[in-house]
Amino acid sequence: MQFPTYRPRRLRKDELFREMIRETHLRPDDFVLPLFVRPGKGVKKSISSMPGHFQLSIDLLIKEVKEARSMGILGVILFGIPEKKDEQGSEAYSSNGIIQRAIRQIKEKVDGILVITDVCLCEYTSHGHCGVVNEGKVLNDETLEVLSRQALSHAEAGADIVAPSDMMDGRVAAIRKILDENQFQDIPILSYAAKYASAFYGPFRAAAESKPQFGDRKSYQMDPANGEEALREVWLDLEEGADMIMVKPALPYLDILYRVKQTFNIPVAAYNVSGEFSMIKAASKLGWVDGDQVMMESLIAIKRAGADLILTYFAKEAAKKLG
Ligand code: PBG
């Protein structure tokens, strides 16, 4: 095909042509909305680094979930800010914990939306690490026990999908085992398999009050320089029984997303994380980019790279634009 025989611009002439040959489409049901829940009633505490997002008490959370559902969003992922934190993160698996109560209320009051829960200890531990700590080290196998109890408590409260994000080795197998032993064979695991030690989580840690009080997460989350290792992590989690895999963050890791999808051809979720959201919001506020257009371009790029599902703080805004 040689110029001028092939003129790609012929098919870009106007929006009708472009629409006709468009390869990737976004729909509201591609999105999962992350939500932050805290104790209290009528509480709507704004998160300054994430405009439009709030820590909500359960009553207001319900309204938010209903609104998301009415826009065609089919999933929410919950993060809890507990009443109290301790060394072990024991609120994480309390049957009366903030997340467990929130799940029960959503399941009782809202139809047709899937509740995904983040299985991790960082929001519940006083030190802010994702696992049990001893002498400044995050212990792997001791943490598995706590994570399993947490996942089970979520399933008992009515969660539809559990999503371990702690990055301990062997946690998918441990969670699958305890769920199966308790007749939750049908609850799928969405594993944050390729989760990088990323500075893009900054705004989230303010939102979820989960910043590590010492050190960093580099001994459990992945090194941003590694790609092959992501494939090994995914392979391992699939072997252990993961039903879906997550790549996180999304935009700086589209190569990983693409490779995971191409290699394993399984349902893949991408987490368009807080920093990715806040950067666009900030630049847009300064008038440096068109926030709406950059949002839609980012989301289509994530889907084009291979995401079947996008966890994004833009879920409602994007769904509104599509609807
Ligand atoms: C861990 C968890 C984190 C995020 C989701 N689950 C933070 C972390 O690993 O420090 C980050 C999400 C985001 O930045 O939007 N519970």
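Values below: every heavy atom of this structure, side chains too, minus hydrogens, waters and symmetry copies. Ligands are counted one by one from 1 in listed order, and the atoms in each one are counted from 1 as well.
Between Asp29 and Ile73 the shortest side-chain heavy-atom distance does not fall below 4.5 Å.
Atoms of ligand 1 lying under 4.0 Å from at least one heavy atom of Tyr313, given by number and element, are 12 (C), 13 (C), 15 (O). Taking every non-hydrogen atom of Cys122 and a distance limit under 4.0 Å, the qualifying atoms of ligand 1 come out as 1 (C), 16 (N). Of all the atoms in ligand 1, the ones that sit under 4.0 Å from a non-hydrogen atom of Tyr271 are 12 (C), 15 (O). Close contacts between ligand 1 and Ser165 involve ligand atoms 1 (C), 2 (C), 6 (N), 16 (N) [criterion: under 4.0 Å to a heavy atom]. Remark: ligand 1 atoms within the under-4.0 Å shell around heavy atoms of Glu123 are 16 (N).
Sorted by first and then second residue, the pairs that involve residues 140-169 and meet salt bridge (Lys or Arg N to Asp or Glu O under 4.0 Å), not counting sequence neighbours, are Lys107-Asp160, Asp166-Arg171.
Note on ring orientation: taking the six-membered ring where Trp is involved, the planes of Tyr196 and Tyr253 are parallel (angle under 30°, cut-offs 30° and 60°).
When only non-hydrogen protein atoms are considered, atom 12 (C) of ligand 1 lies nearest to Phe204 CD1, 3.4 Å. Nearest to atom 14 (O) of ligand 1 among the protein's heavy atoms is Ser274 OG, 2.7 Å.
With hydrogens and angles disregarded, no donor-acceptor distance shorter than 3.5 Å links the side chain of Gln100 to the backbone of His154. Remark: side-chain polar atoms of Gln150 are paired, donor with acceptor, to backbone N or O of Cys120 under 3.5 angstrom.
In Asp118, the part holding a heavy atom less than 4.0 Å from any atom of ligand 1 is the side chain. Of the heavy atoms in Cys120, only side-chain atoms (C-beta onward) come closer than 4.0 Å to ligand 1.
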The test is salt bridge (Lys or Arg N to Asp or Glu O under 4.0 Å); show your working for Lys261 and Asp308 and say whether it passes.
CA-CA 9 Å; Lys261 187 64 185 178; Asp308 299 289; 2.8 Å; yes

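Compare Lys195, Arg217, Arg205, Lys248 by their heavy atoms: the one nearest to atom 11 (C) of ligand 1 is in Lys248.
Remark: distances from the non-hydrogen atoms of Met167 to ligand 1 are all 4.0 Å or more. Under a 4.0 angstrom heavy-atom cut-off, Lys211 registers as lying outside contact with ligand 1. Using 4.0 Å as the threshold, Phe277 has no heavy atom nearer than that to any atom of ligand 1. The shortest separation from a heavy atom of Gln221 to ligand 1 is under 4.0 Å, placing the residue in contact.
A donor-acceptor contact closer than 3.5 angstrom links the side chains of Asp59 and Ser57.
Ring-centre distance between Phe36 and Phe204: below the 6.0 Å cut-off.
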Pair up each side-chain donor or acceptor in residues 49-56 with any protein partner under 3.5 Å, not counting sequence neighbours, and list the distances.
{"from": "His53", "atom 1": "NE2", "to": "Tyr313", "atom 2": "O", "distance (Å)": "2.9"}
{"from": "Gln55", "atom 1": "OE1", "to": "Arg38", "atom 2": "NH1", "distance (Å)": "2.5"}
{"from": "Gln55", "atom 1": "NE2", "to": "Ala207", "atom 2": "O", "distance (Å)": "2.7"}
{"from": "Gln55", "atom 1": "NE2", "to": "Glu209", "atom 2": "OE2", "distance (Å)": "3.1"}

